[in-house]
Amino acid sequence: MKKLNYMLRQMTERNRDGSYATQANRARMLSLMADQLDAVGFKTNEMTPQDLKGRHVNRLLAQWQQEGISTGTIKNRMAVLRWWAEKIGNSGAIKADNADYGIDNRQYVTNEDKAVKLADLNLSKASDHVRASLQLQSAFGLRREEAMKFQPSYALDGKNIDNADKIRLKGSWTKGGREREIPITNEQQREVLLQATRLAGSGSLIPPEKTYKQHLNTFETESRNAGNGNTHGLRHDYAQRRYMELCGFQPPAVSGIRCRDMTPEQRAADGEARRIITAELGHGRTAITAVYLGS
């Protein structure tokens, strides 16, 4: 292993910012960057993370653009480069605005319906723990990691399932460590919580004999075999059902009716629903929620 690869790995192990998935993706991207710098002629066996300079950033960016890497992926990699620069105390090595590098603005909203319904998945061969997590993703719009680490005893805060009006998510389960609450509004959610409680007891939906990483491999394999390797579409379905519940009409991604064509009353309901759903999904901006709902 080259010196730079080794030292970047040490840096990620010392700085465990974000969720497990975020940390793993960051480590993978840093390793890739070190390999790419080596491939284009930089002496990474003599480099340390503190040697990062603007010329390295520019060379990596040129390589990614030459390879035709998508704008979204490039932005994710630039964010990791900024993390690297911040950790070595040299934020000036990379410009703060992607526009300064000629990176296009990302197009988030396509008004495409990307929802995946739980009923469309074949869960007959899924293990009990994976099935319960998928049901939680659909019922409450949870991210994959949140649904795997879900602890019913904590989420219900000692309340009986029949009387609880919300669940709470622990920061260690969530993206960015942001705790949040999601209301319980229907009996189907209570049934999902009941099944999860029976299975997890006082623990989580990660089997006690497995680590998170081991169970993640199982989850990815079984969800792919069920017909949906990327279970994020279950969050889209939750957001759209919740929007219908709050507004009384379908969101633009489903109905095809753009926000600009809504009546004033519909636009008011739309705006309030987006604020609520954004909070329930754990996002900080309603602009991100538009990916789920359309615009």
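These values consider heavy atoms only, across backbone and side chains, with no hydrogens, waters or symmetry-generated copies.
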Looking only at side chains, do Tyr238 and Gln137 share a donor and an acceptor under 3.5 Å apart?
no

Count the heavy atoms belonging to other residues, nucleotides or ligands that lie under 6.0 Å from CD1 of Ile88, then report whether that count exceeds 12.
yes

Worked verdict on Tyr292 versus His283 for ring pair (Phe, Tyr, Trp, His ring centres under 6.0 Å):
CA-CA 12 Å; Tyr292 301 76; His283 288 301; 5.6 Å; yes

Quiz: residues 151-160 side-chain donor-acceptor pairs under 3.5 angstrom, not counting sequence neighbours:
residue	atom	partner	partner atom	Å
Asp157	OD1	Arg168	NH2	3.0
Asn160	OD1	Asp162	N	2.7

Do Glu145 and Lys149 meet the salt-bridge criterion of a basic N to acidic O distance under 4.0 Å?
yes

Do Lys75 and Ile103 have side chains that get closer than 4.5 Å, going by heavy atoms?
yes

Under a 3.5 Å threshold, yes or no: a donor from one side chain and an acceptor from the other, between Thr12 and Gln23?
no

Answer yes if the side chains of Asp270 and Tyr243 hold a donor-acceptor pair under 3.5 Å, and no otherwise.
yes

Looking at Glu146 and Lys175, is there a salt bridge between them, counting it only when a charged N and a carboxylate O are closer than 4.0 Å?
no

Between Glu280 and Lys166, is the closest basic N to carboxylate O distance under 4.0 Å?
no

Could you check whether atom NZ of Lys53 has more than 12 heavy atoms from other residues, nucleotides or ligands sitting under 6.0 Å from it?
yes

So that I can tick it off, tell me whether Asp128 and Arg198 are bridged by a salt bridge, with the cut-off set at under 4.0 angstrom between side-chain N and carboxylate O.
no

Honestly, is Lys95 close enough over Tyr101, meaning NZ or CZ under 6.0 Å from the six-membered ring centre and within 45° of the axis?
yes

What I want to check is whether the side chains of Asn98 and Arg82 have a donor and an acceptor closer together than 3.5 Å.
yes

Check whether the side chains of Glu86 and Ser91 place a donor and an acceptor atom closer than 3.5 Å, and report yes or no.
no

Examine the side chains of Glu179 and Trp173 and answer whether a donor and an acceptor come within less than 3.5 Å of each other.
no

Pairs meeting criterion ring-ring contact (aromatic ring centres under 6.0 Å, His included) with involvement of residues 196-225, two or more places apart
Tyr20-Tyr212

Check: Asp38 main-chain N/O paired with Thr44 side-chain donor or acceptor under 3.5 Å
no

Less than 3.5 Å apart, any donor N or O on the side chain of Lys210 or Thr218 sitting next to an acceptor on the other?
yes

So, Lys125 and Glu222, do they make that salt bridge, N to O below 4.0 Å?
no

No-hydrogen, no-angle side-chain donor-acceptor test under 3.5 Å, Ser19 and Thr22:
yes

